[in-house]
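Throughout, numbering of the chain's residues begins at 1 and tracks the sequence.
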Amino acid sequence: MLCAAAALDKKGEDLVVLEVDQLTGYADYFILVSGRSTRQASSVGENIVRVLKKAGRPALGIEGLKEGRWILLDFGEVVVHVFHQPVRKFYDLDSLWGDAPRLEPQAAELAAALPLPGKPATQ
């Protein structure tokens, strides 16, 4: 849930966590999140990369971070899609992966996942 917490920390919107392990062989979870602008989407993506790297989980792959339209962050078992809102609506991954169970992270769980200054992040 560290990816989700880092996304919300930069005011990412419409966060969805999908459990895709039964539907695909390359990831256990997809996280979908939006930004109101390409700049905000890039900021959300950069924060996720930064927080996970500090937690000892560097990204295996990063695509689209500079453009901020559709950012793909591959952390192995977790793949994060950060969209500029109109791009998310156009590609509609929410419907494409509609068969995947949705997880509902609790606010307290997400808040506890983010590191405080001087405190290591939880994974």
Side-chain angles (χ1 to χ4, degrees):
M1 289 298 142
L2 188 54
C3 291
L8 294 178
D9 186 49
K10 288 296 179 181
K11 309 295 186 231
E13 298 179 343
D14 301 322
L15 179 86
V16 175
V17 180
L18 301 173
E19 190 173 2
V20 296
D21 60 334
Q22 298 298 314
L23 303 173
T24 182
Y26 60 89
D28 293 337
Y29 301 97
F30 281 174
I31 297 177
L32 311 177
V33 64
S34 300
R36 292 181 307 278
S37 67
T38 56
R39 178 172 272 177
Q40 184 192 16
S42 291
S43 177
V44 169
E46 289 167 356
N47 196 53
I48 294 168
V49 170
R50 182 175 34 256
V51 168
L52 271 285
K53 186 175 181 180
K54 276 186 172 181
R57 302 286 314 269
L60 303 173
I62 300 172
E63 297 289 334
L65 193 58
K66 288 183 183 179
E67 297 82 9
R69 294 176 44 73
W70 181 351
I71 301 162
L72 178 67
L73 306 173
D74 182 356
F75 295 99
E77 68 276 357
V78 178
V79 175
V80 182
H81 299 269
V82 183
F83 291 98
H84 179 218
Q85 186 60 42
V87 176
R88 181 174 179 175
K89 185 176 181 179
F90 180 80
Y91 287 102
D92 198 17
L93 292 189
D94 299 77
S95 293
L96 182 65
W97 293 96
D99 291 343
R102 291 177 180 241
L103 302 179
E104 300 292 333
Q106 302 300 313
E109 178 184 8
L110 293 175
L114 276 181
L116 297 173
K119 174 187 158 217
T122 61
Q123 297 191 32

Sequence neighbours excluded, which residues qualify as side chain to side chain donor-acceptor pair (under 3.5 Å) partners of Ser34? Gln85, Arg88
Asn47 and Ala6 have their tightest heavy-atom pair at ND2-O, 2.9 Å
State plainly whether one hydrophobic cluster holds both Val79 and Leu60, where clusters connect Ile, Leu, Val, Met, Phe, Trp and Tyr through side-chain heavy atoms under 4.5 angstrom apart. no
Side-chain heavy atoms nearer than 4.5 Å, only ILVMFWY residues, links allowed to pass through others: does that put Leu52 and Leu72 together? no
Interatomic distance, Arg102 atom CZ to Asp94 atom CG [nearest 0.5 angstrom]: 5.5 Å
Please report the closest heavy-atom contact between Arg69 and Thr38, naming both atoms and the distance. CG-CG2, 4.0 Å
Distance-minimising heavy-atom pair for Arg57 and Phe75: NH2-O, 3.3 Å
Closest heavy-atom contact between Gly68 and Ser42? CA-OG, 3.3 Å
Just how far is it from atom CG of Asp14 to atom NZ of Lys89, taken to the nearest 0.5 Å? 11.5 Å
ILVMFWY cluster, Ile71 and Val80 together (side-chain gap under 4.5 Å): yes
I'd like to know if Leu93 and Leu15 are part of one continuous hydrophobic network [Ile/Leu/Val/Met/Phe/Trp/Tyr, side-chain heavy atoms within less than 4.5 Å]. no
Ignoring hydrogens and angles, tell me if any N or O in the side chain of Gln40 forms a donor-acceptor pair with the backbone of Lys11 under 3.5 Å. yes
Nearest non-hydrogen partners of Gly45 and Leu73, listed with the distance: O-CD1, 3.8 Å
When rounded to the nearest 0.5 angstrom, what distance separates CD in Glu63 from CG in Asp74? 10.0 Å
List the residues meeting side-chain contact (heavy atoms from CB on, under 4.5 Å) with Arg39, not counting sequence neighbours, and say none if there are none. Ser37
Check: residues 16-31 side-chain donor-acceptor pairs under 3.5 Å, at least two apart:
none

Test applied, side chain to side chain contact (heavy atoms under 4.5 Å, CB included); reference residue, Val44; option that passes from Val33, Val49, Leu8: Val33
Mind checking whether Met1 and Val82 sit in one hydrophobic cluster, side chains of I, L, V, M, F, W, Y counted as touching below 4.5 Å? yes
